[in-house]
There are 2 protein chains.
Amino acid sequence: MTGKREAKRQKLRDDLLQSAVQRIAADGLGKLRARDLATDVGCALGALYNVFADIDDLVLHVNSLTLQALGAKLSRAAQDGAVARPADQLVALSHAYLDFAIANPNSWAALFDHQMPEGAQVPEWHLNEHAVLFIHILEPLTVLMPNLSPEDGAMTARGLFSAVHGVVSLGLQHRFSAVPADNIRSMLTLLIGGFAKSAAA
Amino acid sequence: MTGKREAKRQKLRDDLLQSAVQRIAADGLGKLRARDLATDVGCALGALYNVFADIDDLVLHVNSLTLQALGAKLSRAAQDGAVARPADQLVALSHAYLDFAIANPNSWAALFDHQMPEGAQVPEWHLNEHAVLFIHILEPLTVLMPNLSPEDGAMTARGLFSAVHGVVSLGLQHRFSAVPADNIRSMLTLLIGGFAKSAAA
DNA sequence: AAAGGTTATTGAACGCCGTTCATATATTTG
DNA sequence: CAAATATATGAACGGCGTTCAATAACCTTT
C-alpha cells in the first residue's frame, strides 16, 4: 500500500487549483485569498505552501488552464474559417478572441493582470504556453504577406495580436467607459480588415 | 496673519504629490508605500489622510500629471506633423506615444495598472482627462474618413488608440519577451499606415 | 493679547494579507 | 511494530493601508 502520500498530494494540488480557478472566474484575481482557498478545500493555511511555491505559482497554473481554453477556442475559429480568405480568417480570429474575453472576463483578465513578485521571472514552461495567442495568426498572415521572413512573420503576428488585445482590453474595461460589444467587433473588423487589405495590395 | 492653515495644507498636498510622482517614476506603482511618502515629506503617517482621501486618490493625481505630460507630447507631435498626410500624422502620433512610454515607463504603466478599490468609480474630473489620448487622432481620422458620424469618429479614434496602446504595451512588457523599440515602431507604421491606406481607398 | 473654539497633526493600534516554522500527525521503510 | 521520513497544522510574524483618541497648532472674538 504505497503511493498514498503522492495521491493525497496530487488531490490537494488539484483541489486548490480548481478552487482558485472558480474563485478567479467568479471574483477576479484581485480578490483571491490564500485563506479562502484553504477553507474551500478543507486544509490548513500552510498546506498550500507544501504543494505550491506560493500564490503566484498557483495563479500561473490557473492561467495555464485559461490559455489552454483560449487556445482551443482560437483553434476552432481557425479551423472553421480555414477556407475563407486570409483577411477574413484574421478578422474571425480577432472576433473569437473578443468572444472569449466576454465569456470569461475575470479569467481572461487574470492572464494580463497578474504580475510576478519582485525580481521573479515567469518560468519557461508557462512562457511557451503563450504561443497559442500567436500561432493561428501566422498562417493567414504568411498567405497575405508571402515575402515576410520567419522572424518578421512572428514579430508581425505578435504585433497583430497585441493590437487586437488592446482594442478588446480597453474596450471591455470600465476604465474610461465600457464600449458595446458590437462596436468592439466592428472596430476589429475595420482595423484587421483594413490592415489585411493594404497588406495584400 | 490668516490663511496659514490652508497654506500648510497645500504645501503638504504638493509635497506628497511630488514624492509620489518621483517614487512611481523610480520604482513603479507597485512599490508605492504610504509610510515611504510620509517619511519623504517629514509628516506623520496619518497626515496623508487629511489631504488625500487615500492612496488611490493620490495616485489619481499623479496619473493626472502624467496624462498632462503625455498630452503635451502628443500635441507637439500633432503640430509638427500638421502639414503631413493624415496617414503619416496618425503614424507620427503612434510613434510619439511609444516614445513617451519608453521615456517614462513606470509613470506611463501606472496609468493603466492602477485599479480603483472595490466598488469605487474613477471620478469624473479624471475620466475627462483621458480625452488627450484620443483628441489628436480625431482630426487626421476625419480627413481620412469624412463620412464618419461624430459618434463613429470618436469610437474609431478610441479604437485606434487602443490598438496602438496594445502594441506598445505588450511590446514593452517583459511578459513574453521584450521587443526591440525599432520593431515596435515598424509594427505601428505597418498597422496604422495599413489601416489608413485601406481607409482612404 | 489672552481665552476659547476650531481644525490639523500625531503615531500607536487595528484588521487583513501572504508566508513561515516548530510541533503534531500520518505514511513508508526496515 | 518501530524507526525514519515526509506531510499537516495553525499560531505567529512582518508588512500593508487605514483609523482615531489625544495632542498641538491656528484662528476668532473680546
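Proteins come first, then strands; the chains are lettered A, B, ... in the order of their sequence lines, and each starts at number 1. Treat the numbers as computed from the prediction; the structure is a model and nothing was measured.
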Under 3.5 Å, side-chain donor or acceptor atoms of residues 86-96 of chain A against the rest of the protein: list the pairs with distances, not counting sequence neighbours.
{"from": "D88(A)", "atom 1": "OD2", "to": "R85(A)", "atom 2": "NE", "distance (Å)": "3.2"}
{"from": "D88(A)", "atom 1": "OD2", "to": "R85(A)", "atom 2": "NH2", "distance (Å)": "3.1"}
{"from": "Q89(A)", "atom 1": "NE2", "to": "A84(A)", "atom 2": "O", "distance (Å)": "2.9"}
{"from": "S94(A)", "atom 1": "OG", "to": "V91(A)", "atom 2": "O", "distance (Å)": "2.7"}
{"from": "H95(A)", "atom 1": "NE2", "to": "R185(A)", "atom 2": "O", "distance (Å)": "3.2"}
{"from": "H95(A)", "atom 1": "NE2", "to": "T189(A)", "atom 2": "OG1", "distance (Å)": "3.0"}

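- For dG15(D), the OP1/OP2 oxygens have no side-chain nitrogen or oxygen of R33(B) closer than 4.0 Å.
- Between V168(B) and L188(B) there is a side-chain heavy-atom pair separated by less than 4.5 Å.
- Remark: F52(B) pairs with H61(B) by the ring-ring contact (aromatic ring centres under 6.0 Å, His included) rule, at least two apart or across chains.
- With D15(B) as the fixed residue, the side-chain hydrogen bond (donor to acceptor under 3.5 Å, both in side chains) test singles out one of K11(B), Q18(B), R13(B): K11(B).
- Following rounding to the nearest Å, R9(A) (CZ) and dT5(D) (P) show an atom-to-atom distance of 18 Å.
- Distance CD (Q10(B)) to P (dA8(C)): 12 Å, rounded to an integer number of Å.
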**Message:** Between F195(B) and F195(A), is the ring pair (Phe, Tyr, Trp, His ring centres under 6.0 Å) condition met? List the steps.
**Reply:** CA-CA 5 Å; F195(B) 169 85; F195(A) 169 85; over 10 Å; no
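- Each of A34(B) and E6(A) has a nearest nucleotide on DNA chain D; the 5'-most of these lies closest to E6(A).
- Look at CG on L12(A): it is 14 Å from P on dT27(C), rounded to the nearest Å.
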Pairs under 3.5 angstrom only: tabulate donor-acceptor contacts from the side chains of residues 68-76 of chain B to other protein residues two or more places apart or in another chain.
{"from": "S75(B)", "atom 1": "OG", "to": "G71(B)", "atom 2": "O", "distance (Å)": "3.1"}
{"from": "S75(B)", "atom 1": "OG", "to": "H136(B)", "atom 2": "NE2", "distance (Å)": "2.9"}

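- Residues satisfying the side-chain contact (heavy atoms from CB on, under 4.5 Å) criterion with A25(A), sequence neighbours excluded, are S107(A).
- In this structure a side-chain-to-backbone donor-acceptor pair under 3.5 Å is missing from D14(A) to Q10(A).
- R5(A) has its CZ atom 15 Å from the P atom of dA4(D), to the nearest Å.
- Contact check of residues 15-23 of chain A against DNA chain C (heavy atom, cut-off under 4.0 Å) returns no residues at all.
- Side chain of S64(B) to backbone of L60(B): no donor-acceptor contact under 3.5 angstrom is found.
- Residues forming a side-chain contact (heavy atoms from CB on, under 4.5 Å) with S169(A) (at least two apart in sequence, or on another chain): W108(A), H165(A), Q173(A).
- The stretch residues 53-60 of chain A touches DNA chain C through D54(A), I55(A), each having a heavy atom within less than 4.0 Å of the strand.
- Contact annotation for L32(B): backbone-only contact, meaning every heavy-atom pair under 4.0 Å involves sugar-phosphate atoms and none involves a base.
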Could you pull out all donor-acceptor pairs under 3.5 Å where a side-chain atom in residues 113-127 of chain B meets a protein atom, sequence neighbours excluded?
{"from": "H114(B)", "atom 1": "NE2", "to": "D56(B)", "atom 2": "OD1", "distance (Å)": "2.8"}
{"from": "E118(B)", "atom 1": "OE1", "to": "K31(A)", "atom 2": "NZ", "distance (Å)": "3.1"}
{"from": "E118(B)", "atom 1": "OE2", "to": "K31(A)", "atom 2": "NZ", "distance (Å)": "3.4"}

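- Residues satisfying the salt bridge (charged side-chain N to carboxylate O under 4.0 Å, His left out) test with D36(B), not counting sequence neighbours, are R23(B).
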What N/O pairs connect the protein and nucleotides 10-13 of chain C at under 3.5 Å? Give each pair on its own line.
{"from": "dT10(C)", "atom 1": "OP2", "to": "A44(B)", "atom 2": "N", "distance (Å)": "3.0"}

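- Residues from residues 110-123 of chain A with heavy atoms under 4.0 angstrom of DNA chain D: there are none.
- In this structure, the OH atom of Y49(A) is 13 Å from the C1' atom of dC13(D), given to the nearest Å.
- Partners of K8(B) by salt bridge (charged side-chain N to carboxylate O under 4.0 Å, His left out), not counting sequence neighbours: none found.
- In this structure, L48(B) atom CG and dT19(D) atom P are separated by 11 Å, rounded to whole Å.
- Distance CG (D36(B)) to C1' (dG17(D)): 13 Å, rounded to an integer number of Å.
- Across all non-hydrogen atoms, the minimal contact from L138(B) to A157(B) is CD1-CB, 3.9 Å.
- Rounded to an integer number of Å, the gap from L37(A) CG to dG18(C) C1' is 12 Å.
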